[in-house]
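Structure first, then comments.
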Amino acid sequence: MTIPSPMSIHSALVALLPNTNLFSGLSPDEIADCAALFRQARFDRGTTVFSRGDDSTHLYVLSEGRVRLAVATDEGRELSFRVAAAGDLFGEIGVLDGSPRSADATALTPVVVYTLERNAFRTLWSSRGAVTVNVVSFLCRRLRETTDQLESIALYPLHVRLARFFLFALAGRQALPGKRVALDLGFSQGELAQLLGASRPKVNTALGELEGAGAIVRTLDRFFCDPGKLAEIARSPDA
């Protein structure tokens, strides 16, 4: 395995950080200064990045792969509430308030992350106004996303929740006339069921409903989506 040089890691971070919620809007010099504080870490598929109750020592910026964030009961029941993808941040709540981790983070694929130690982040937060503003905006966005997710679980039928999820995963991508948009979720149907708060058989039934409506086409490794039809289902009156 080729080990990246410190210079290549720094260059990758300088390109990555301006596209993240916490570090957007900083000047190139500020980005370079922030990048110098990060360290790279790698995790194999299935590896625990951190566990609920762990000390919140670092903030993570995901460069490659996907990480599932979930909570579990003592009886072993698990609820996934987010899957972080490249460019996402996670582990920020514990770093901000100093409390132990509130969830488990598990690598769904081989993962490359950049970590920022808690005290270093607090120094950035207190010394750079743009980061302070971004922290507030970031936390408000997280709260809105959580509210939307709870609303979907509580109020909408599963096929509608699934349509909304696909639209979120498509991130505004539109299909050319007569075409569909390919979507590779990168995790299993069981993991999708956990994320939606439903059983795997019920998710399979809901996928069949979307397929019957022409909103998606399933293959072995991906979905081909019609964003227009998904949007119609997502806002259907019987939701």
Side-chain angles (χ1 to χ4, degrees), residues 11-25 45 61-69 80-90 107-113 137-138 141-142 144-149 151-153 155-198 200-239:
S11 297
L13 269 167
V14 167
L16 178 65
L17 290 182
N19 298 314
T20 65
N21 293 322
L22 286 186
F23 298 97
S24 63
R45 179 178 180 177
V61 179
L62 186 54
S63 176
E64 299 175 22
R66 291 180 174 87
V67 172
R68 181 181 67 211
L69 300 167
S80 297
F81 59 87
R82 188 160 71 93
V83 174
D88 288 342
L89 292 96
F90 64 97
L108 294 177
T109 65
V111 160
V112 178
V113 295
S137 298
F138 178 78
R141 187 178 297 109
R142 277 278 189 266
R144 290 179 186 276
E145 290 172 355
T146 301
T147 301
D148 289 344
Q149 189 172 21
E151 178 187 359
S152 292
I153 291 175
L155 301 179
Y156 297 120
L158 183 54
H159 72 286
V160 175
R161 283 148 54 188
L162 195 54
R164 290 162 64 97
F165 173 81
F166 278 125
L167 288 171
F168 177 79
L170 288 171
R173 293 161 58 200
Q174 295 296 319
L176 296 173
K179 302 290 185 180
R180 295 176 182 269
V181 181
L183 179 63
D184 178 10
L185 293 180
F187 47 91
S188 70
Q189 188 170 309
E191 289 161 344
L192 176 60
Q194 289 181 350
L195 195 63
L196 292 171
R200 182 172 177 175
K202 288 183 178 179
V203 168
N204 190 53
T205 299
L207 287 170
E209 291 183 51
L210 294 185
E211 196 162 24
I216 63 168
V217 173
R218 287 184 279 183
T219 65
L220 288 176
D221 61 347
R222 66 184 64 185
F223 298 92
F224 291 87
C225 304
D226 183 325
K229 290 184 177 179
L230 285 171
E232 290 177 8
I233 295 170
R235 60 174 181 264
S236 58
D238 61 350

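The basis for the numbers below is simple: all heavy atoms, side chains too, and nothing from hydrogens, waters or symmetry mates. Quick caveat: nothing in here was measured; it's all calculated off a predicted structure.
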### Task
Evaluate the criterion side-chain contact (heavy atoms from CB on, under 4.5 Å) for residue pair N204 and Q189; output intermediate values, then yes/no.
CA-CA 8 Å; N204 190 53; Q189 188 170 309; 3.2 Å; yes

### Task
Take L62 and V67, measure what side-chain contact (heavy atoms from CB on, under 4.5 Å) needs, and give me the verdict at the end.
CA-CA 8 Å; L62 186 54; V67 172; 4.2 Å; yes

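By the 4.5 Å heavy-atom criterion applied to side chains, L192 and L162 are counted as neighbours. The shortest side-chain heavy-atom distance between H159 and I233 falls under the 4.5 Å cut-off. By the 4.5 Å heavy-atom criterion applied to side chains, I216 and L207 are counted as neighbours.
Heavy-atom minimum distance, A163 versus A234: CB-N, 4.2 Å. Taking every heavy atom of both residues into account, L230 and A215 meet most closely at CD2-CB, 3.7 Å. Closest of all the heavy-atom pairs between C225 and L170 is CB-CD1, 4.0 Å. Contact record, L158 with A206: CG-CB, 3.8 Å, taken as the closest heavy-atom pair. Closest approach of R82 and F90 over heavy atoms only: NH2-CB, 3.4 Å. The heavy-atom pair separating F23 from L89 by the smallest distance is CE1-CD2, 4.4 Å.
Residues forming a side-chain contact (heavy atoms from CB on, under 4.5 Å) with A231 (at least two apart in sequence, or on another chain): L167, R235.
Under a 3.5 Å cut-off, the side chain of S63 and the backbone N or O of V112 do not form any donor-acceptor pair. Side chain of E211 to main chain of R218: a donor-acceptor pair is present (N/O by atom type, distance under 3.5 Å, no hydrogens or angles). Between the T205 side chain and the P201 main chain, a donor and an acceptor come within less than 3.5 Å of each other. Between the side chain of R45 and the main chain of L108, a donor-acceptor pair closer than 3.5 Å is present.
Going from atom CG of N19 over to atom CG of D88 covers 11.5 Å, rounded to the nearest 0.5 Å.
Listed by first and then second residue, the ring-ring contact (aromatic ring centres under 6.0 Å, His included) pairs that reach into residues 202-233 are F166-F223, sequence neighbours excluded.
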Could you pull out every donor-acceptor pair under 3.5 Å between side chains of residues 175-185 and any protein atom, sequence neighbours left out?
residue, atom, partner, partner atom, Å
R180, NH1, G214, O, 2.9
R180, NH2, G214, O, 3.2
D184, OD1, G186, N, 3.1

